[in-house]
Amino acid sequence: DTGVSQDPRHKITKRGQNVTFRCDPISEHNRLYWYRQTLGQGPEFLTYFQNEAQLEKSRLLSDRFSAERPKGSFSTLEIQRTEQGDSAMYLCASSDFQGFNEQYFGPGTRLTVT
Amino acid sequence: AQKVTQAQTEISVVEKEDVTLDCVYETRDTTYYLFWYKQPPSGELVFLIRRNSFDEQNEISGRYSWNFQKSTSSFNFTITASQVVDSAVYFCALTPAYGGSQGNLIFGKGTKLSVKP
């Protein structure tokens with residue numbers, strides 16, 4: 001299977017703990033996106049990478065959130081000092097160079113902060 | 001500001017009925033792209049269609065068809081002869097064609113479609 005993969009699929013953590021999620025995009029895709037989806041809502045853009053460069057961050061991405069894409073392949077999203085409001089599905093997507101091309105989404109990581 | 005509105009929160013139909021999902025968007029960009037994605041109960045978003053703002057031709061793909069009307073800023077999606085497997089949440093999304101936000105999809109809240117046998 002050469003689709004977008006995410007790990008873990010589910011994460012339960014206690015408030016105040018740090019968590020890290022991983023996304024492996026489709027191998028030939030230059031762009032990688034992170035979105036957050038809460039219950040009953042559409043996905044909301046968080047940040048994106050063009051190869052290893054992080055080109056845009058949403059205002060939703062507080063300073064507790066950090067994302068990296070070393071070597072332009074997989075990406076990690078870290079949330080420090082988690083809060084209950086961080087509970088959501090975190091989605092990763094990838095596309096080829098042209099940003100308006102279709103994005104292929106991974107299965108998501110569901111985060112529950114207790 | 002850019003915005004996508006899907007006014008229908010939930011729709012329930014009986015199998016073989018036709019159903020139309022509405023999407024209205026707002027943007028100041030002259031060139032942009034519109035998308036529809038399907039999110040089945042399994043959760044993974046599936047790409048259905050992309051349309052650029054210069055192409056107002058309607059598109060048909062099997063039982064699916066899309067009606068893009070720039071004059072009313074709408075991009076509606078019709079499923080003909082619906083099937084139980086069409087049950088999912090459907091999202092309409094928008095992105096500018098140029099600029100730093102190119103590719104950042106702005107999604108509507110989605111329409112949950114339930115097709116009953």
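Throughout, protein chains are lettered first and strands after them, A, B, ... in sequence-line order, and every chain is numbered starting at 1.
A:Tyr33 and A:Phe45 have perpendicular rings, their planes meeting at more than 60° on a 0 to 90° scale where under 30° would count as parallel. Below 30°, between 30° and 60°, or above 60°: for B:Phe47 and B:Phe35 the angle between ring planes is above 60°, a perpendicular geometry.
Here the CG-CG distance, from B:Asn76 to B:Leu21, works out to 8.5 Å after rounding to the nearest 0.5 Å. In this structure, A:Arg31 CZ and A:Ile26 CD1 are separated by 15.0 Å, a value rounded to the nearest 0.5 Å. Rounding to the nearest 0.5 angstrom, the gap separating the OG1 atom in A:Thr47 from the CG atom in A:Leu61 is 6.0 Å.
For residues 48-71 of chain B, the interface with chain A (any heavy-atom pair closer than 4.5 Å) comprises B:Arg50, sorted by residue number. Close approach to chain A, defined as a heavy atom under 4.5 Å from one of its heavy atoms, is seen in no residue of residues 4-20 of chain B. The stretch residues 106-117 of chain B places B:Phe107, B:Gly108, B:Lys109 near chain A, each with some heavy atom under 4.5 Å from a heavy atom of that chain.
For B:Tyr32, no part lies near chain A; criterion is any non-hydrogen pair under 4.5 Å. Contacts between A:Gln41 and chain B at a heavy-atom distance below 4.5 Å involve backbone atoms as well as side-chain atoms.
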| field | Trace of the salt bridge (charged side-chain N to carboxylate O under 4.0 Å, His left out) decision for A:Asp24 with A:Arg22 | value | CA-CA 7 Å; A:Asp24 287 89; A:Arg22 176 179 170 126; 2.7 Å; yes
| field | Test ring pair (Phe, Tyr, Trp, His ring centres under 6.0 Å) applied to B:Phe77 and B:Tyr90, step by step | value | CA-CA 9 Å; B:Phe77 172 31; B:Tyr90 290 86; 5.5 Å; yes
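Taking the ring axis of A:Phe74 as reference, the NZ or CZ atom of A:Arg69 does not stay both within 45° of it and closer than 6.0 Å to the ring centre.
Residues forming a side chain to side chain donor-acceptor pair (under 3.5 Å) with B:Gln39 (at least two apart in sequence, or on another chain): A:Gln37.
Here A:Pro43 is the residue among A:Gly42, A:Pro43, A:Pro107 with the most heavy-atom pairs under 4.5 Å with chain B.
A:Tyr104 places no side-chain N or O within donor-acceptor distance of the main-chain N or O of B:Val46, the cut-off being under 3.5 Å. A donor-acceptor pair is defined here as one N or O able to donate and one able to accept, closer than 3.5 Å; no such pair exists between the side chain of A:Glu52 and the backbone of A:Glu68.
Side-chain N/O atoms of B:Gln2 and B:Thr27 include a donor and acceptor closer than 3.5 Å.
Hydrophobic clustering of Ile, Leu, Val, Met, Phe, Trp and Tyr side chains at less than 4.5 Å, counting indirect connections, unites A:Leu46 with A:Phe21.
Checked against a 6.0 Å centroid threshold, the rings of A:Phe105 and A:Tyr35 count as neighbours.
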